[in-house]
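The structure appears below as C-alpha cells.
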Amino acid sequence: MRAEFTQGELVELLGREDFAPIYAQADQVRAEAVGDTVHIRALLEISNHCRRVCAYCGLRSPRTDLPRYRMTPEEIVSAACEAHAVGYRTIVLQSGEDPWFTPKILGELVGEIKARTGMAVTLGCGEMPREDYAYLRQAGTDRYLLKHETADPDLYRRLHPDSTLEQRVACLRTLKELGYETGSGFMVGLPGQTLDTLARDLLLLASIPCDMAGIGPFLPHPDTPLRDGTPGDPELTRRCVALARLLLPTANLPATTALTVRGDNGQVFSGGANVVMRKITPNSYKRMYEIYPAQLPDTDIPAQRAQLEEQIRNLGRVPL
Ligand code: SAM
Ligand code: SF4
C-alpha cells in the first residue's frame, strides 16, 4: 500500500494543476491505514531558552530582547495532570535547546508524568548526544520530535550556521534505533527552497522511515534574519502532507499549528492528517514562546479540548 515515488515524480505531483485526485487518494489511504481517529495531543512549551541560532526562529539565542522563562517541574507536572483530567492521552514537552533541562531533570519529569497520569510522553527538546537520548528512552519517553527542517544540505547550513543536516539526520537515526516513535518534518516556503527540495524532504521522511512528520508553512518572524521572507503557501503545505500520507501510510501526521494559524483545520484533515496539537502552555509563558507571530487565544485547557473534539466530530471523524 505504501507508494514509491522518485524525486522527479514528486516534483511533478507537487506542481499539478489539479491536485484533487491526490487529496482523495491520500484521504482513502489515511482511512484504510489509520482509520477515522484524530489524535489530540497536548503541547506544553516548557522553556524558551535556546542556545541555537536557527535563522527563522523567534527563540534563537541572539534575541536578547526576548524575556526568557522556564517552567518549574511542579508547574509542568500540574499542567500535565490537568490535561489528563480533560481527556488528553499524550503530552508533548517542547522547548528550545536549554541546557538547564538536563537529561536527569527531563527523565524525572517523564517518570513523574507517567506515574501520575499514564499518558504517553513525547519530547521535542532538540539535538542531544546518543547517551542522553538513550537515558531518556530508559526513563520512559515514548516519542521524540526533531524536524529535519530542510533536506537541502546547503540551505540547512545557511539557516543553521552552527550545525549540519548530516548531524540532524544522524540524531533521527539514533532515535529510531533506540526504539522511539520518531518524528521528523520540515517547513514549506523557506527562502531558497524549490519543489525539488520539497521532493527531497518527502523522500527523507520515507527513508528514515518516520513514525510522525510535522509539515508546516514557514512563517517569518520580524526579529529574525528571515523577517522579509514570504509566508509558506498553505496549499503547497497541504500537498506535502497528502504526499507524506501516500509515502508513509501508517504515520501520524499532524495538522501543524503553523498551518492552522494560516488556514482551516477541515481542509488539512481531508488531505491525510490524523493528529492535531493543542497548546496547553499557561498564558504568562505562551506569549513568550513566539517562534512565529500568531494571535493565539488564551489557554483554557478544558474548553479548548471540548471545542476541538466538537470540530473533529463535525468533520465526521473521531477525536481521541
Ligand atoms: N528546539 C527544538 C527544535 O528546534 O527541534 C524544538 C522547538 S522548535 C521551536 C519547534 C519547531 O518550530 C522547529 O522544528 C521548526 O520547524 C519550527 N519553527 C521555528 N521557527 C519557525 C517559523 N518561523 N515558521 C515555522 N516554523 C518554525
Ligand atoms: Fe532553538 Fe528550536 Fe528555535 Fe532552533 S528552532 S532556535 S533549536 S527553539
Side-chain angles (χ1 to χ4, degrees), residues 41 43-64 66 68-70 92-101 106 122-128 132-133 136 143-151 155-165 167-172 175 180 182-191 193 201 204-205 210 212-234 236-237 240 254-263 277 279 281 285-286 288-294 296:
R41 317 287 199 209
L43 173 62
L44 186 61
E45 295 148 330
I46 62 174
S47 164
N48 73 348
H49 288 262
C50 190
R51 61 181 170 195
R52 304 293 292 264
V53 298
C54 309
Y56 42 79
C57 179
L59 306 188
R60 62 201 302 274
S61 62
R63 277 202 66 197
T64 47
L66 177 70
R68 304 277 173 172
Y69 74 88
R70 246 175 222 124
V92 183
L93 304 182
Q94 198 194 70
S95 68
E97 288 198 10
D98 180 359
W100 188 89
F101 278 99
L106 281 174
T122 304
L123 291 178
C125 304
E127 293 177 28
M128 296 183 193
D132 292 353
Y133 285 146
L136 289 167
R143 308 178 182 135
Y144 205 99
L145 296 178
L146 187 81
K147 296 191 199 182
H148 69 259
E149 316 293 3
T150 175
L155 179 57
Y156 191 96
R157 191 72 177 163
R158 288 202 297 279
L159 299 174
H160 313 93
D162 52 352
S163 183
T164 62
L165 177 62
Q167 187 179 317
R168 196 77 171 174
V169 173
C171 285
L172 285 165
L175 289 164
Y180 283 93
T182 303
S184 186
F186 55 90
M187 280 173 277
V188 176
L190 287 167
Q193 184 185 63
D201 282 316
L204 180 52
L205 297 181
C210 292
M212 307 173 273
I215 301 169
F218 157 66
L219 299 173
H221 189 293
D223 300 309
T224 65
L226 299 193
R227 63 181 68 83
D228 297 324
T230 310
D233 177 12
L236 186 55
T237 310
C240 289
T256 46
T257 318
L259 191 52
T260 52
V261 165
R262 301 256 309 148
M277 295 197 193
K279 289 184 190 233
T281 313
Y285 300 132
K286 199 176 187 178
M288 289 184 259
Y289 200 92
E290 211 186 48
I291 53 184
Y292 45 73
L296 295 172

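Heavy-atom basis, side chains included; hydrogens, waters and symmetry copies ignored. All residue numbers in this chain count up from 1 along the given sequence. Ligands are counted one by one from 1 in listed order, and the atoms in each one are counted from 1 as well. Since the model is a prediction, treat every value here as computed from it, not as a measurement.
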**Q.** Distance in Å, T122 OG1 paired with R143 CZ, rounded so as to fall on 0.5 Å steps
**A.** 5.0 Å

Q) Are any of the protein's heavy atoms under 4.0 angstrom from atom 4 (Fe) of ligand 2, yes or no? A) yes

Q: Spell out, as yes or no, whether a donor-acceptor pair under 3.5 Å connects the side chain of E290 to the backbone of H221.
A: no

**Q.** Nitrogen or oxygen of Q94 less than 3.5 angstrom from that of ligand 1
**A.** no

Q | ligand 1 N/O within reach of S95 N/O, cut-off under 3.5 Å | A | yes

Q) Any donor-acceptor pair under 3.5 Å linking the side chain of S184 with the backbone of C210? A) no

Q. From F218 CZ over to C57 SG, what is the distance, rounded to the nearest 0.5 angstrom?
A. 10.5 Å

(Q) Just verifying a value: how many Å separate L219 CG and Y56 OH, rounded to the nearest 0.5 Å? (A) 13.0 Å

Q. Quick one: does Y289 get within less than 4.0 Å of ligand 1, heavy atoms only?
A. yes

Q.
Within the structure provided, determine whether E45 and L43 are in side-chain contact (heavy-atom separation under 4.5 Å).
A. yes

Q | Interatomic spacing from CG in L59 to CG in L66 - rounded to 0.5 Å | A | 6.5 Å

(Q) Any nitrogen or oxygen of E149, side chain or backbone, less than 3.5 Å from one on ligand 1? (A) yes

Q: Run the contact test for R60 against ligand 1 with a 4.0 Å cut-off on heavy atoms, strictly below, and give the result.
A: no

**Q.** Contact check, H221 vs ligand 1, heavy-atom distance below 4.0 Å
**A.** no

Q: Look at atom 1 (Fe) of ligand 2 and say which protein heavy atom is nearest, naming residue and atom and giving the distance to 0.1 Å.
A: C50 SG, 2.3 Å

Q) Judged by non-hydrogen atoms, does G216 sit under 4.0 Å from ligand 1? A) no

Q.
Evaluate L59 for polar contact with ligand 1, using N/O atom pairs at a separation under 3.5 Å.
A. no

Q) Quick one: which ligand 2 atoms are inside 4.0 Å of a heavy atom on R60? A) 6 (S)

Q) Which residue owns the protein heavy atom closest to atom 8 (S) of ligand 2, what's the atom, and how far is it? A) G96 CA, 3.6 Å

Q. Hey, does the side chain of E97 reach the backbone of E127 with a donor-acceptor pair shorter than 3.5 angstrom?
A. yes

Q: Hey, can you tell me if Y285 and Y69 have their rings parallel, tilted or perpendicular (30° and 60° cut-offs)?
A: parallel

Q: Check whether any heavy atom of C54 sits under 4.0 Å from an atom of ligand 1.
A: no

Q: Please confirm if an N, O or S atom belonging to C57, backbone or side chain, lies less than 2.8 Å from atom 3 (Fe) of ligand 2.
A: yes

